[in-house]
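As structure tokens, the structure follows; a few thoughts come after it.
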Amino acid sequence: MDLSSKVVDQSLKARATRVAAIAAIHAEDVDKAGRFPNEAIDALKSERLMGIQIPVDCGGEGRSTSEIAELCTIIAQSCAASAMIFAMHQIKVSSLVSHGVDTGWHRTFMRKICSEQLLLGSATTEGGIGGNLRNSICAIEVDGDRCRLEKDATVISYGKHADAILITSRSHKDAPPTDQVMTAFLKDQYTLEQTHVWDTLGMRGTCSDGFLFKGEAPAEQILPKPFAEIAAQSMLASSHLLWSALWYGIAVDAFTKAQTFVRAAARKAPGTTPPGLLQLAEMSSQLQVIRSNIKAGLGNYEQALSDPDRLSSMGFAVAMNNVKIASSEMILPVIHQALRICGIMGYKNGTPFSLGRHLRDAHSAELMISNDRILGNTATMLLVHKQETGLLG
Ligand SMILES: Cc1cc2nc3c(=O)[nH]c(=O)nc-3n(C[C@H](O)[C@H](O)[C@H](O)COP(=O)(O)OP(=O)(O)OC[C@H]3O[C@@H](n4cnc5c(N)ncnc54)[C@H](O)[C@@H]3O)c2cc1C
């Protein structure tokens, strides 16, 4: 027996932890330069994490949203931009898994994602529409067995680095704005002419430039379900849950820095209560609320997956919207508290306690589909939907 050979832990957690270790080395440079986190994404691919959500009979591992959310939290503790790229890719995969398993082209595409570890991008935001996901101006043109699309896509994260883009449009030139479809275009089937530069406060490594997208492909690449169903049954829930999971990761890392800071102060003055200790306890309580909210949302989603009526219900949409609103708003006070605890060491860049990147990245959460827009949508549903009043059921 060769005792020197080490068995590599192939659990999902171990694979993501190895990715996070690489992401951590480059996170500061990725943020400063606003560059794509090549090293972390290469690590995700070499750990074969891109296709894990895809069913086993399409070449994947059939992993659940909860398992993927856990990986987002792990990676976000090192580099939120890398975690966001992983989350957005998995959100696109979730639409293929939920709505593409019955069509030949999409099944083959899922096999290709697994075998070649492809990275999928998303183009829903459009000039003139903004973050109103359920409306499009552009329309896909189907001509025999071909389709063509031109879209003023004002934000496409890692657009230049994606191997394929899933893009929304109206279903035909006379369709109303809400009659939408989503189409998968492969890299060699589209061109991107850059129209906006992503030079932002935070999430700089997502490289979410704007482009004029022009694509042509076989019409069979249009997902067979209306986008209304895709949005309600896979995309909105997985977006809110995976985004929340990674935002939680940012807040957890801020807490860890504050805890390390307070512990060091306690060691320096044994027998005294170090400053920041009570605030740390308060942060721990806030983190528990955020974590419980996300875990409950994940449980709700996974139960609803087997019940299409529940998945499309108002109660479910309200619950998912509420997960997003709460986690995006609650992470900011936690990070702010960490900054107060670490003081100048947190405020300065380049110290073990630096929190500038955390704070800047976390500010994207409330805008990433504007919370005002989401609250407006929930408010309309609450005119008829009954608020949950009990704890069980
Ligand atoms: C890090 C990051 C990555 C992203 N990546 C992508 C991507 O890959 N692909 C993609 O398509 N998009 C992407 N986006 C865009 C994102 O999903 C939203 O579309 C975008 O953030 C919305 O921009 P907006 O501020 O113009 O919002 P809009 O929704 O257009 O809103 C503009 C303003 O109007 C207000 N408002 C809008 N509607 C209402 C309402 N109903 N009630 C009250 N007030 C309202 C809001 O407060 C907001 O300030 C990304 C965004 C971020 C932050």
Side-chain angles (χ1 to χ4, degrees), residues 30-31 34 36-37 41 72 76 79-95 119-138 149 151-169 177 180 182-185 190 192 194-213 227 230-231 235-236 238-240 242-244 246-247 250 321 324-325 328-329 331-332 357-358 360-383:
V30 162
D31 175 55
F36 183 70
I41 307 307
C72 293
C79 173
S82 300
M84 181 53 86
I85 293 170
F86 179 65
M88 286 194 280
H89 163 83
Q90 294 296 344
I91 291 159
K92 293 295 103 184
V93 172
S94 78
S95 296
L119 174 64
L120 310 189
S122 168
T124 57
T125 306
E126 184 174 9
I129 295 265
N132 191 355
L133 182 83
R134 287 289 292 104
N135 274 259
S136 288
I137 297 172
C138 68
L149 178 63
K151 177 167 182 165
D152 174 16
T154 46
V155 193
I156 308 183
S157 288
Y158 53 94
K160 289 179 195 157
H161 303 270
D163 299 302
I165 291 178
L166 274 73
I167 184 162
T168 50
S169 64
Q180 296 165 288
M182 186 156 80
T183 309
F185 284 91
Y190 59 80
L192 294 175
Q194 190 166 342
T195 51
H196 299 270
V197 175
W198 184 255
D199 180 6
T200 48
L201 185 68
M203 286 292 181
R204 294 171 56 78
T206 61
C207 300
S208 308
D209 299 314
F211 301 95
L212 178 63
F213 173 100
F227 181 65
I230 298 174
M235 194 175 150
L236 277 177
S238 54
S239 300
H240 292 342
L242 297 186
W243 290 346
S244 293
L246 80 90
W247 296 331
I250 303 173
N321 284 354
K324 193 270 176 178
I325 296 288
S328 62
E329 290 182 357
I331 55 167
L332 284 168
R357 177 162 53 84
H358 298 63
R360 289 183 288 103
D361 287 344
H363 270 287
S364 70
E366 291 178 318
L367 326 176
M368 205 166 171
I369 306 190
S370 158
N371 278 7
D372 287 342
R373 188 183 283 287
I374 295 176
L375 285 171
N377 178 271
T378 301
T380 309
M381 290 190 277
L382 288 176
L383 286 175

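Ligands are counted one by one from 1 in listed order, and the atoms in each one are counted from 1 as well. Computed from a predicted model, the values in this text were never measured in an experiment. Residues take their numbers from the sequence shown, with the count starting at 1.
- At least one side-chain heavy atom of H240 sits less than 4.5 Å from a side-chain heavy atom of N321.
- Contacts of V93 classified as side chain to side chain contact (heavy atoms under 4.5 Å, CB included), with partners at least two apart in sequence or in another chain: Q53, I54, H89, Q90, V97, L120.
- Here the CD1-OG distance, from I374 to S328, works out to 7.0 Å after rounding to the nearest 0.5 Å.
- Inter-residue side-chain proximity for P37 and I85 is flagged as met; some heavy-atom pair is nearer than 4.5 Å.
- At a heavy-atom cutoff of 4.0 Å, ligand 1 is surrounded by M88, S122, A123, T124, T125, G130, G131, V155, I156, S157, W198, M203, S208, L367, M368, I369, S370, D372, R373.
- Ring planes of F36 and H161: parallel class, angle under 30° (limits at 30 and 60°).
- When each of E126, R134, K151 is paired with T168, the side chain to side chain donor-acceptor pair (under 3.5 Å) condition holds for K151 and for no other.
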